[in-house]
Amino acid sequence: MPVARPELSDSRVIAHVDMDCFYVQVEQRKQPSLRGQPTAVVQYNSWQGGGLIAVSYEARKFGVKRSMRGDEAKQVCPEIQLVQVPVARGKADLNDYRNAGSEVVTILARRGRCERASIDEVYLDLTIAAEAMLADNPPECLETISEEAVKSHVLGLEEFPAEVGSDARERVRHWLTRSDASRRDKLLACGALIVAELRLQVLEVTEFTCSAGIAHNKMLAKLASGMNKPAQQTVVPFSSLSKLLGNLPIKKMKQLGGKLGTSLQIDLGVNTVGDLLQFSEEKLQEFYGINTGSWLWNTARGINGEEVKGRLLPNSHGSGKTFPGPRALKTVASVEKWLSELCEELSERLQSDLEQNKRIAHTLTLHAHAYKPNDSDSFKKFPSKSCPLRYGTSRIKEDALSLFQAGLREYLGLYNVKTSGNQNSGWGITGLSVSASRIVAIPSGTRSIMNYFPHQEETCPQVLLSSEKLIQDAQLLSPSENCLGSGGHLTLQSIEPWIACGEEDKETKHSMPLDRQKEDTEMCKLKLQDKETLLCSSPAAEVYQGWEKVQTESSGDYLTEKIRDSLESEEGKRKSNKEKGMSTISRYFQSQHSGSLLKVENASTSKLSESSSLSEPQSQLPQENSLARGESSVDARLCSQIKLKRPAWSYDVDEVDQDVLNELPKQIQEELQAWLRPQKRSNTVKKDLGITRYFLPAKDK
DNA sequence: ACGGATTAAACA
DNA sequence: TTGTTTAAT
């Protein structure tokens, strides 16, 4: 695993925050009468009382454990309250928990770079905040230390000689405020104060408790957060390392809980982290490869250079369900039905992500588990398949089904001919999931980008000699028939849907009633041009290029409906009026003055966090950045390079000097990259692709 | 192949 | 790059 910056002298301040039995807390907040009671969250009540996925600490005292069945739990704890996970479309619906997790992240991201590690865990890099505190207002100068902070657990504190008669909290207070501590300890002390404050804020705002670990790296912070739960925090001073790791079972370390940990035990006789110290780095690399070997060597010493990534949003979305044993799906029709449910959920979440975060997913992947009784190679796995993701529920459904059928043919083998149709030929599907990945932010600082483009707007007709016929052809050639048909690879390329967000028609807007205007801007009118689709069918590699124009009225009704309409309707295609012939892209660039509805959550008020967020873009949470007002000469140079041998909005990246790009403000560079990167052309498409050509990255071959 | 539904990331 | 595998919660 990543061996970024592994230093023994690592003095960062890293926290790992872990929500206590999170799903239970969410349900208890919904239903306060459950608070304080032994409670568990369960899904699928039908069989044996369902499976537990979260257990309150009261219930744990009775020996109730995660992944018990509901019936079992009732036996050991008759009083237990079992709450069902919400169900939608016949499957567990985790949205309540995702949303609750977002509430928490919003608060935890206030003081430093924040990485959402899972639905209920985050890592924080508090180094800058801690350094600032140490410089301005160190704990040793404080007259009072927060109650929450003195409740911290400080590893190795017992070793310190302390005044007799002092209780645990007094000892902690003393440790936190020692003026003769090492710099590293002082930084951790600051971290502990900050985390205590954050946890308190989380509690006040969300009513959720959490536990935390504070250490010099992610690995140790994670380890510590689990040591004292619930609702407590644990600090790992450097000096406590050897004792901590010395006889810690190897499997307790993150990443070593599985096969690698087992191999360490069985093959090398390593049972504790301390045991690892005997092995040279080279030896470990010999056994486990360069990266893993080095990672293990460092781990043994409490060294871990992994950075806290500034990421508040997930990198993928998925929706899946298992169909165990007798419930296995045995007909394509039933698979289609369930895929349809899964795709609806996925599509809904993609819509939300688009609206709330302005991000677009690029890849659709289908996973399935299958069995095939008698066959000899019966243990073959169902292959996962992916293709470019086209927005719109019905399209996602179509594509997912195509992917499934491609996978099924491969799984069953080529001999199993045509339409064994809907009749059970022995196989069964025990699990299905669809997921969307490669999610990238739409350049949210559209305006800032626009500052670097010529403002003149003309249409760019020649590129778009609207080949409506071709479009229609392309539409008919769904990936199913087309690309999967001849046993070849998926060859459909769909260039992303362009979404414009913003005010598109000033005149109209000004004449609108005020409240309407407000509504309008706030609701982010997305204009969606559905994709440009390129198809190249297997052998001939013939390239079709088509444009579909979908236009939403600028009167701006409710966004969501608009989007859905334009996404779903196959008839929204031809609607042209004055904008006919204008590419979506150009319209996109025209609509730049977007009143962008990005809610900047976490507008931080503290100077500390401001300074930290200045240095690095924190996350892809939409930031309404004003930015880079410096009128640069680069500005002019770029404009001159983007000149108008093409329509105003288009440019040929090949003509843009990389050095010029490099001189742009970093943020602009990133935005441009975001535009360019997803446009990379697959090497299966060699011919001139018209408009897409202009978006090819210059140096990326 | 009843430890379900998700997510992430490395590796080939 | 796509698909597979591991791991964690």
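Convention: sequence-line order gives letters A, B, ...; per-chain numbering from 1.
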Phosphate-side-chain proximity, A/S384 and C/dG3, N/O vs OP1/OP2 below 4.0 Å: no

A/R116 versus A/S102, side-chain donor and acceptor atoms under 3.5 Å: yes

Sugar-phosphate only, base, or nothing, as touched by A/Q48 at under 4.0 Å among non-hydrogen atoms: nothing

Phosphate OP1/OP2 of B/dA8: any A/S118 side-chain N/O under 4.0 Å: no

Integer-rounded Å distance: C/dT9 C1' and A/L256 CG: 17 Å

Short side-chain N/O contact to B/dA9 OP1/OP2 from A/K254, under 4.0 Å: no

Nearest-Å distance for atom pair CD/C1', residues A/Q255 and B/dC11: 13 Å

Any side-chain heavy-atom pair of A/L276 and A/I250 under 4.5 Å: yes

Distance test, side-chain N/O of A/N291 to OP1/OP2 of B/dA10, below 4.0 Å: no

Out of C/dT4, B/dT6, C/dT2, whichever nucleotide has its closest atom nearest the side chain of A/E345: B/dT6

OP1 or OP2 of B/dA5 under 4.0 Å from side-chain N/O of A/R98: no

Residues which pass side-chain hydrogen bond (donor to acceptor under 3.5 Å, both in side chains) with A/Y23, listed by chain and number, not counting sequence neighbours: none

Given B/dA9, C/dT6, B/dA5, the nucleotide with the shortest approach to the side chain of A/N315: B/dA9

side-chain hydrogen bond (donor to acceptor under 3.5 Å, both in side chains) partners for A/S319, two or more places apart: A/E345

A/K222 side chain near C/dT9 phosphate (N/O to OP1/OP2, under 4.0 Å): yes

Touch class at under 4.0 angstrom, heavy-atom based, for A/G51 against every strand present: nothing

Donor + acceptor pair across side chains of A/Y288, A/S263 (<3.5 Å): yes

Phosphate OP1/OP2 of B/dA8: any A/S316 side-chain N/O under 4.0 Å: yes

Nucleotide B/dT7, atom C1' - distance to NE2 of A/H317 in whole Å: 11 Å

N/O (side chain, A/K381) to phosphate O (OP1/OP2, C/dT5) under 4.0 Å: yes

Interatomic distance, A/R89 CZ vs B/dA5 P [rounded to whole Å]: 15 Å

Atom P, compared across B/dA1 and C/dT5: separation rounded to whole Å: 13 Å

Strictly under 3.5 Å: I want the nitrogen or oxygen pairs between protein and nucleotides 2-4 of chain B, one per line.
unit_1: B/dG4; atom_1: O4'; unit_2: A/Q43; atom_2: NE2; d: 3.0

Interatomic distance, A/E121 CD vs C/dA7 C1' [rounded to whole Å]: 12 Å

Touch class at under 4.0 angstrom, heavy-atom based, for A/I119 against every strand present: nothing

Set of residues satisfying side-chain hydrogen bond (donor to acceptor under 3.5 Å, both in side chains) with respect to A/R98, sequence neighbours excluded: A/N95

Of the listed nucleotides C/dT9, B/dT6, B/dC11, the one nearest the side chain of A/K91: B/dT6

Touch class at under 4.0 angstrom, heavy-atom based, for A/S319 against every strand present: sugar-phosphate

Among B/dA9, B/dT7, C/dG3, the one nearest A/P314 by side-chain distance: B/dT7

Partners meeting side-chain hydrogen bond (donor to acceptor under 3.5 Å, both in side chains) with A/E58 (sequence neighbours left out): A/S56

Touch class at under 4.0 angstrom, heavy-atom based, for A/R116 against every strand present: nothing

Audit row: A/L432, A/L329, side-chain contact (heavy atoms from CB on, under 4.5 Å) steps and yes/no: CA-CA 10 Å; A/L432 273 180; A/L329 310 181; 3.9 Å; yes

Would you list the atom pairs, donor with acceptor, under 3.5 Å between side chains in residues 225-233 of chain A and any protein atom, with sequence neighbours excluded?
unit_1: A/S225; atom_1: OG; unit_2: A/H16; atom_2: ND1; d: 2.7
unit_1: A/S225; atom_1: OG; unit_2: A/K222; atom_2: O; d: 3.0
unit_1: A/N228; atom_1: ND2; unit_2: A/T234; atom_2: OG1; d: 2.7
unit_1: A/K229; atom_1: NZ; unit_2: A/D18; atom_2: OD1; d: 3.4
unit_1: A/Q232; atom_1: OE1; unit_2: A/H153; atom_2: NE2; d: 2.7
unit_1: A/Q232; atom_1: NE2; unit_2: A/P230; atom_2: O; d: 3.1
unit_1: A/Q233; atom_1: OE1; unit_2: A/A196; atom_2: N; d: 3.4
unit_1: A/Q233; atom_1: OE1; unit_2: A/R199; atom_2: NH1; d: 2.7
unit_1: A/Q233; atom_1: NE2; unit_2: A/S152; atom_2: OG; d: 2.9
unit_1: A/Q233; atom_1: NE2; unit_2: A/A192; atom_2: O; d: 3.0

Rounded distance in Å - NZ (A/K309) to C1' (B/dT7): 13 Å

Sugar-phosphate, base or nothing in reach of A/H369, heavy atoms under 4.0 Å: nothing

